[in-house]
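If you're wondering where the values come from, they're calculated on a predicted model, not measured in any experiment. Sequential numbering from 1 along the given sequence is applied to the chain's residues.
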Amino acid sequence: QVQLVESGGGLVQPGGSLRLSCAASGFTLDYYAIGWFRQAPGKEREGVSCISSDDSTYYADSVKGRFIIFRDKAKNTLYLQMNSLKPEDTAVYYCASTDRQGMVRLLWWLIGWYDYWGQGTQVTVSS
């Protein structure tokens with residue numbers, strides 16, 4: 001059974017850092033494209049970042065240069081290192097997976113491209 005479990009969210013001051021984790025079970029992360037999405041209150045869910053099976057990485061313009069996506073293959077876990085956090089980064093963060101490999105560069109930000117989703121973890125950036 002495929003399962004994704006996020007953790008690492010919390011309350012942080014502007015300018016601070018957090019590292020989110022997405023633990024996978026039932027499949028091996030290496031062979032999947034894994035994305036991070038977020039949804040702020042009253043807003044649509046949006047793509048934040050993605051790492052493909054060949055370790056290519058993609059970022060939304062709003063987080064480029066501040067967030068880093070990477071995975072630990074030994075732990076079968078995906079991470080999102082978030083630095084220089086801003087109040088507008090406040091949202092529930094979700095990880096999602098897909099075994100689709102084609103056109104990752106063009107499609108990674110689409111919610112419907114992914115097959116499995118975690119339950120989300122809350123990130124609040126506030127002083």
Go through F67 and L85 one step at a time and tell me if the side-chain contact (heavy atoms from CB on, under 4.5 Å) criterion holds. CA-CA 9 Å; F67 290 10; L85 283 162; 3.9 Å; yes
Residue pair I111, E44: steps toward the side-chain contact (heavy atoms from CB on, under 4.5 Å) verdict: CA-CA 10 Å; I111 294 173; E44 294 186 352; over 6 Å; no
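Taken together through direct or relayed side-chain contacts under 4.5 Å among Ile, Leu, Val, Met, Phe, Trp and Tyr, F70 and L18 form part of one hydrophobic cluster. Put simply, Y31 and L107 are part of two different groups of oily side chains (I, L, V, M, F, W, Y) that touch within less than 4.5 Å, one to the next. Linking Ile, Leu, Val, Met, Phe, Trp and Tyr whenever their side-chain heavy atoms come within less than 4.5 Å leaves I34 and W108 in two separate clusters. V2 and W36 fall within a single hydrophobic cluster, where Ile, Leu, Val, Met, Phe, Trp and Tyr are joined by side-chain heavy atoms under 4.5 Å apart, directly or via other members. Under the 4.5 Å side-chain heavy-atom criterion for grouping Ile, Leu, Val, Met, Phe, Trp and Tyr, L110 is connected to Y94 within one hydrophobic cluster.
The minimum heavy-atom distance between T77 and K75, with the atom names listed, is OG1-O, 2.9 Å. Pairing each heavy atom of I69 with each of Y59, the nearest pair is N-OH, 2.9 Å. Among all heavy-atom pairs drawn from S49 and Y58, the shortest one is OG-O, 2.8 Å. Between L4 and C22, the shortest heavy-atom distance links the atoms CD2-SG, 3.8 Å. The shortest heavy-atom contact between Y93 and A91 is CD1-O, 3.4 Å. Of all heavy-atom pairs spanning S126 and P14, the tightest one is C-CD, 3.6 Å.
How far CG of D99 is from OG of S53: 10.0 Å, rounded to the nearest 0.5 Å. Rounding to the nearest 0.5 angstrom, the gap separating the CD atom in Q81 from the CZ atom in R66 is 12.0 Å. The distance from atom CG of L80 to atom OG1 of T121, rounded to the nearest 0.5 Å, is 11.0 Å. Rounding to the nearest 0.5 Å gives a distance of 8.0 Å between OG of S7 and CG of L20. Once rounded to the nearest 0.5 Å, the distance linking CG of L106 with CH2 of W113 reads 10.0 Å.
For an aromatic pair to be called close, the ring centres must be under 6.0 Å apart, and Y114 with F37 satisfies this.
M82 places a side-chain heavy atom less than 4.5 Å from the side chain of V123. Side-chain atoms of W117 and R45, non-hydrogen and from C-beta on, do get closer than 4.5 Å to each other. R38 has its side chain out of reach of T90: every pair of non-hydrogen atoms, C-beta onward, lies at least 4.5 Å apart. At a threshold of 4.5 Å between non-hydrogen side-chain atoms, the residues I51 and Y32 do not count as touching.
More than 12 heavy atoms of other residues, nucleotides or ligands lie within 6.0 Å of CZ in F27, so this atom counts as buried by the packing criterion.
Between the side chain of Q119 and the backbone N or O of E6 there is at least one donor-acceptor pair closer than 3.5 Å. Panel note: side chain N76, backbone L29; a donor-acceptor pair is recorded below 3.5 Å.
A salt bridge does not link R71 to D30: none of the charged side-chain nitrogens sits closer than 4.0 Å to a carboxylate oxygen. Salt bridge present: K64 and D61 bring a charged side-chain N and a carboxylate O closer than 4.0 Å.
Within the structure, salt bridge (Lys or Arg N to Asp or Glu O under 4.0 Å) pairs that include any residue of residues 116-127 do not occur (at least two apart or interchain). Screening residues 27-56 for disulfide bond (SG atoms under 2.5 Å apart), with sequence neighbours left out, gives no hits.
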